[in-house]
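The figures here come from the full heavy-atom set of this structure, side chains too, leaving out hydrogens, waters and symmetry mates.
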Amino acid sequence: GIQVEQSPPDLILQEGANSTLRCNFSDSVNNLQWFHQNPWGQLINLFYIPSGTKQNGRLSATTVATERYSLLYISSSQTTDSGVYFCAAGPGTYKYIFGTGTRLKVLA
Amino acid sequence: ETGVTQTPRHLVMGMTNKKSLKCEQHLGHNAMYWYKQSAKKPLELMFVYNFKEQTENNSVPSRFSPECPNSSHLFLHLHTLQPEDSALYLCASSHGTSGGARDTQYFGPGTRLTVL
């Protein structure tokens with residue numbers, strides 16, 4: 001099955017800094033999502049991005065499907081960005097495979 | 001998102017108890033999912049229902065029994081659980097018909113389960 005790897009596993013930033021999170025996947029995928037899990041456990045959709053580039057405020061994501069990776073960019077980070085960022089990739093409609101996540105802590 | 005709700009939010013149960021987790025989605029979706037999130041492990045897909053029919057059972061032990069009476073509701077019935085079943089149980093939903101962003105999954109807040 002598809003393997004999904006995320007890096008780095010942990011990241012500590014000062015408020016205002018920029019960061020790039022990476023997601024590698026081992027096979028072709030039709031679906032790819034990025035999520036933010038807040039400290040209370042809620043998973044929040046950030047992007048549905050099986051290919052191409054999208055931006056939403058301070059966040060943007062790029063997926064290069066032919067090279068099997070996706071990047072999540074966080075600019076001007078804020079303390080509220082803290083949490084765990086997950087990439088989930090899937091070959092078809094229902095089955096997403098989640099990576100182990102990047103745990104981000106933004107310091108004031 | 002408030003589109004998917006889960007109850008209870010926290011549950012403590014003994015190994016001999018029987019309890020149920022409930023999920024409800026208000027998004028008009030047809031596919032619903034149960035995931036398990038254990039400490040230091042990726043989210044694991046447990047079950048998928050599409051138009052009330054189970055389409056995926058990811059080798060889940062029979063002490064977990066799902067039920068999907070309609071496209072808006074999903075239950076997970078629990079009996080004779082083990083301490084290692086303690087985890088965050090997350091429900092999600094999606095449109096249920098394939099095609100691009102319709103496969104986007106939306107998650108509920110989860111039920112944090114502790115088995116004593």
Side-chain angles (χ1 to χ4, degrees), chain A residues 1-10 21-26 28-56 61 63 65 70 83-103, chain B residues 1-6 8-11 23 27 29-51 53-59 68 87-113:
Chain A
I2 291 175
Q3 306 293 317
V4 179
E5 295 181 354
Q6 292 185 243
S7 60
D10 296 280
L21 282 57
R22 187 176 179 103
C23 171
N24 292 331
F25 41 95
S26 61
S28 300
V29 298
N30 289 321
N31 294 305
L32 191 138
Q33 283 188 255
W34 282 97
F35 295 91
H36 173 219
Q37 188 169 38
N38 66 22
W40 298 272
Q42 175 75 60
L43 275 160
I44 299 163
N45 285 302
L46 298 177
F47 295 102
Y48 173 83
I49 186 164
S51 64
T53 297
K54 290 186 178 179
Q55 179 156 8
N56 185 2
T63 298
S70 184
V84 185
Y85 289 81
F86 289 102
C87 165
T93 300
Y94 306 119
K95 194 163 186 174
Y96 278 90
I97 307 300
F98 278 74
T100 51
T102 292
R103 187 173 300 274
Chain B
E1 280 120 4
T2 57
V4 181
T5 58
Q6 289 186 243
R9 294 294 307 277
H10 300 270
L11 178 62
C23 175
L27 301 170
H29 291 166
N30 295 299
M32 297 187 76
Y33 310 75
W34 280 117
Y35 286 87
K36 176 184 178 182
Q37 187 178 27
S38 305
K40 313 247 183 218
K41 291 176 72 174
L43 272 77
E44 302 169 66
L45 179 65
M46 300 175 72
F47 302 104
V48 181
Y49 279 81
N50 191 34
F51 290 91
E53 299 297 319
Q54 189 180 114
T55 58
E56 185 90 22
N57 177 340
N58 204 21
S59 302
C68 188
L88 181 67
Y89 288 85
L90 291 158
C91 174
S93 70
S94 69
H95 275 283
T97 54
S98 63
R102 297 177 73 81
D103 294 340
T104 302
Q105 293 191 4
Y106 297 86
F107 281 79
T111 294
R112 192 162 296 280
L113 174 67

Can you name the residues that form a ring pair (Phe, Tyr, Trp, His ring centres under 6.0 Å) with A:Tyr85, not counting sequence neighbours? A:His36

With sequence neighbours excluded, tell me which residues meet salt bridge (charged side-chain N to carboxylate O under 4.0 Å, His left out) with B:Lys36. none

Going from OH on B:Tyr33 to OH on A:Tyr96, what distance comes out if it is rounded to the nearest 0.5 angstrom? 7.5 Å

Supply the atom-to-atom distance B:Gln105 CD to A:Phe98 CZ, rounded to the nearest 0.5 angstrom. 6.0 Å

Considering only heavy atoms from C-beta outward, does the side chain of A:Asn45 approach that of B:Tyr106 to under 4.5 Å? yes

Looking only at heavy atoms, the pair that brings B:Leu88 and A:Gly41 closest together is CD2-O, 4.1 Å

Bottom line for A:Gln37: the part with an atom under 4.5 Å from chain B's heavy atoms is side chain

More than 12 non-hydrogen atoms from neighbouring residues, nucleotides or ligands closer than 6.0 Å to CD on B:Gln54, yes or no? yes

So A:Lys95 and B:Val48, side-chain contact (heavy atoms from CB on, under 4.5 Å) or not? Walk me through it. CA-CA 8 Å; A:Lys95 194 163 186 174; B:Val48 181; over 6 Å; no

Step through the shown structure and confirm whether more than 12 heavy atoms of other residues, nucleotides or ligands are within 6.0 Å of CZ on A:Arg22. yes

Measure across A:Phe86 and B:Gln37 and return the closest heavy-atom pair with its distance rounded to 0.1 Å. CZ-NE2, 3.5 Å

How far apart are the closest heavy atoms of A:Gly99 and B:Pro42, and which atoms are they? O-CB, 3.7 Å

Straight-line distance of A:Thr100 OG1 to B:Leu43 CG, nearest 0.5 Å: 11.0 Å

